[in-house]
Protein chains: 2
Amino acid sequence: MTIREVAERAGVSVATVSAVINENKYVSDELRSRVLQAIRDLDYRPNRWAKSLATGKGYTIAYVVPDITNPIFSQITKGIQEVANGQNYSVILCSTNFDSPTLQRYVDWILEMRVDGVVFTGSHHQQSLDEMIRIVKAGIPLAAAMAPGSAEFVDRILINDQEAACQAVTILQNQGCHAVAFLGVSESTTSLKRLRGYQEAVTVYSPELTAFGADFTWQDGYTAMQAILSRGCLFDGVFAGSDLMALGAAAALREHSRRIPDDIQLMGFDNTYAHLADSPFQSMAIPAFDIGKTAADVVFWRMNDRQRPPTTTTLQARLVGPAAASRKGEFQQQ
Amino acid sequence: MTIREVAERAGVSVATVSAVINENKYVSDELRSRVLQAIRDLDYRPNRWAKSLATGKGYTIAYVVPDITNPIFSQITKGIQEVANGQNYSVILCSTNFDSPTLQRYVDWILEMRVDGVVFTGSHHQQSLDEMIRIVKAGIPLAAAMAPGSAEFVDRILINDQEAACQAVTILQNQGCHAVAFLGVSESTTSLKRLRGYQEAVTVYSPELTAFGADFTWQDGYTAMQAILSRGCLFDGVFAGSDLMALGAAAALREHSRRIPDDIQLMGFDNTYAHLADSPFQSMAIPAFDIGKTAADVVFWRMNDRQRPPTTTTLQARLVGPAAASRKGEFQQQ
DNA sequence: AACGGTTAGCTAACCGTTTAGCTTCGGAGG
DNA sequence: CCTCCGAAGCTAAACGGTTAGCTAACCGTT
């Protein structure tokens, strides 16, 4: 069970056993094999807590996420896991459910548990930023993925929201759209960037073709679309802030007997649901898995070099069309 | 930083500080407040590793899951987190991506990390069972949620698949359906149970109204539905193995100009996507969050009583109709 | 033969808690 | 006044690793 028993059985000292396990010092082949044999005989596994206590490393990184149920975030999780596991680290999950006290409790934990690093995906609230600062101040490497952190003091992983939005609208225009509507979310910096991209793409910007909800939900998309429809202005394309909003918008359009894609071209964002709609629409896919991988990479970099100035990595969203979209649902059950 | 510094500053012994922190022994109000003040002054946080080493408890449970991306599983995760956090435990995530070597590596870890408990949601492969056995044999409390573990040696949390399927079909019949088709998955014990429930509900069982895919995906639903349609038999209701399959089926039906719900009543399972469809359909909702909560509860029970015979808890799936289904998408982004 | 350098391996201190068991003190009962 | 008891607090030994620093053996020089 303990390293001492292994040492005894192999007839060596604990230091030698430790050296064999960690492969860091010269041990003669003779002793090494005796030690390995003893380890096998006893089915010995080093005690992680003792090791952590002695070395000061916990081999653990935390992932702070508003809602693990969101497909984007759960894909990010996978990316983080992939690189963390590759380094023999485990990932502990902190899903805050957009709840401030919960977030605060998690950060307390993170500080107490002496986690080695943190990947942080936050909402656009101020509090997220404050909590990130607490973590950084405690000297724990942190990567902010798709998080507000406009700051220069944390490593960030972003996507090219503005550019991607511009591309999306341009694509719609190339497909023949003359007037593209924009469905966004007020108070979201992400949505704001996309609005800028939209404005960049349209030659004249008419505010009555834009509407904003409180969040990226079906309901918000539905309501925003209704709002634009009720204004009676003409449009033949819609760029929605998320696929869920696009689905909501589609429902509103259907109620007004506008057909997709015949009457209206629809473009979503994040490519989570686009291919599941009755009339599949286009969507800008967020490289969520890569975001997770990159964020974890960044955390490990910083673990090895705490001095390096903060970096910002920007990943590209890319178009997924109804044709390109795989119809093989990715979800399995049982 | 350490308990000794706190003790020194408060002018007491380390044992007293420990007693104050853990509230387990009598300490006079006088000393208690001095200690608490010192803790606040120094922003002291006990070292988890040292604590774990001394107590033999890690305050950690692991969640083994085939695919965190699956909405059902990510909701289970939330349930686990809720109760684990309530007990001051953290959850470490092990998403295996249906990959055997990955699963094996995770189990090795779990054994090495001396996790206090495990919630296991597995696929229907034999290997899942083997790995569960390894964990149980190591004496680690384990709850199998929606996992095959037909065994009597692990605590299980299941849903009433057969009964729920029977109910679902009966509901369709009560809504006027005379012939209900069944879309299942071959080699899935879950699907098999539902088939039994289906057979229980229909008075005469005609195999040509059933079709099976390889998994619970959109594509499988689509293909299975096509198969039944191509047989030319009459039906006015469809019971699908998952909401994704139902969406696939809906697409197939649409291609054959069958309208939902006018011509065909559609019933899904798991209630993950039902409310997002163009023609929302009914679905049997799996109480995923409660499954997670219950599984975690069971793990904690067993941590406190290793002798108790294994239990099986069965939770009920319940109908969610298009009317009842909330149109407020639950997913948010950024 | 004496010496220094190198190397394999060992001893023991340390990481920061918990906790059994001991001391001290004050008050109640005889 | 003495005894006994319980409460409050302390001391020191674990828990199971890592690792600095020491020892002993071996080998090539001079």
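Bear in mind the structure is a predicted one, so any value in this text is a computation, not a measurement. Order of the sequence lines sets the chain letters (A, B, ...), proteins ahead of strands, with each chain counted from 1.
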Below 4.0 angstrom from OP1 or OP2 of D:dC10, is there any side-chain N or O of B:Ser13? yes
Examine D:dT18: is either OP1 or OP2 under 4.0 Å from a nitrogen or oxygen in the side chain of A:Ser18? Give yes or no. yes
What is the pairing partner of D:dT30, taking Watson-Crick or G-U wobble pairs with both distances under 3.5 Å in any strand? C:dA1
Indicate the atoms forming the closest heavy-atom contact of B:Ser18 with B:Ile3, along with that distance. N-CD1, 3.8 Å
Atom pairs and distances, side-chain donor-acceptor, residues 32-39 of chain B, under 3.5 Å, sequence neighbours left out:
residue	atom	partner	partner atom	Å
B:Arg32	NH2	B:Val27	O	2.9
B:Ser33	OG	B:Asp29	O	3.2
B:Ser33	OG	B:Glu30	O	3.0
B:Arg34	NE	B:Ala10	O	3.0
B:Arg34	NH1	B:Glu30	OE2	2.9
B:Arg34	NH2	B:Ala10	O	3.0
B:Gln37	OE1	B:Arg40	NH1	2.8
B:Gln37	NE2	B:Asp41	OD1	2.8

B:Asn47 vs A:Glu30, nearer the 5' end of DNA chain C by closest nucleotide: A:Glu30
Counting any heavy atom closer than 4.0 Å, what does A:Val27 reach on the DNA or RNA strands: base, sugar-phosphate only, or nothing? sugar-phosphate
Could you check whether atom CD of A:Glu5 has more than 12 heavy atoms from other residues, nucleotides or ligands sitting under 6.0 Å from it? yes
Kindly say if B:Tyr26 contacts the phosphate of D:dC10, meaning a side-chain N or O under 4.0 Å from OP1 or OP2. no
Any B:Thr55 side-chain N or O less than 4.0 Å from OP1/OP2 of D:dC15: no
So the side-chain hydrogen bond (donor to acceptor under 3.5 Å, both in side chains) pairs with at least one residue in residues 286-304 of chain B (sequence neighbours excluded) are B:Asp155-B:Arg302
Minimum-distance nucleotide to A:Ala50 side chain [options: C:dG16, D:dG17, C:dT11]: D:dG17
Report yes if a side-chain nitrogen or oxygen of A:Thr16 is closer than 4.0 Å to either non-bridging phosphate oxygen (OP1 or OP2) of C:dA8; otherwise report no. no
In whole Å, what is the span from the CD atom of A:Glu23 to the P atom of C:dA8? 16 Å
Give the rounded distance in Å between these two atoms: CD1 of A:Ile39 and C1' of D:dG17. 13 Å
Spacing between A:Lys57 atom NZ and C:dC15 atom C1', to the nearest angstrom: 16 Å
With a 4.0 Å limit, can you tell me whether B:Asn22 has a side-chain N or O closer than that to the phosphate oxygens OP1/OP2 of C:dT18? yes
With DNA chain C as reference, determine whether A:Leu31 or B:Ala19 sits nearer its 5' end, using the nearest nucleotide of each. A:Leu31
Quick one: label A:Arg4 by what it contacts on the DNA or RNA (base, sugar-phosphate, nothing), any heavy atom closer than 4.0 Å. base
For the student: nearest non-hydrogen atoms of A:Thr102 and A:Thr96, plus distance: CB-O, 3.7 Å
Do the side-chain N or O atoms of B:Tyr44 get closer than 4.0 angstrom to the phosphate oxygens (OP1, OP2) of C:dT17? yes
Are A:Ser95 and A:Tyr63 close enough that a side-chain donor and a side-chain acceptor fall under 3.5 Å? no
Are B:Thr16 and B:Ser13 linked by a side-chain donor-acceptor pair shorter than 3.5 Å? yes
Review item, nucleotides 22-26 of chain C N/O atoms under 3.5 Å of protein N/O:
none

Taking 4.0 Å as the cut-off, does a side-chain nitrogen or oxygen of A:Lys51 come that near to OP1 or OP2 on D:dT18? yes
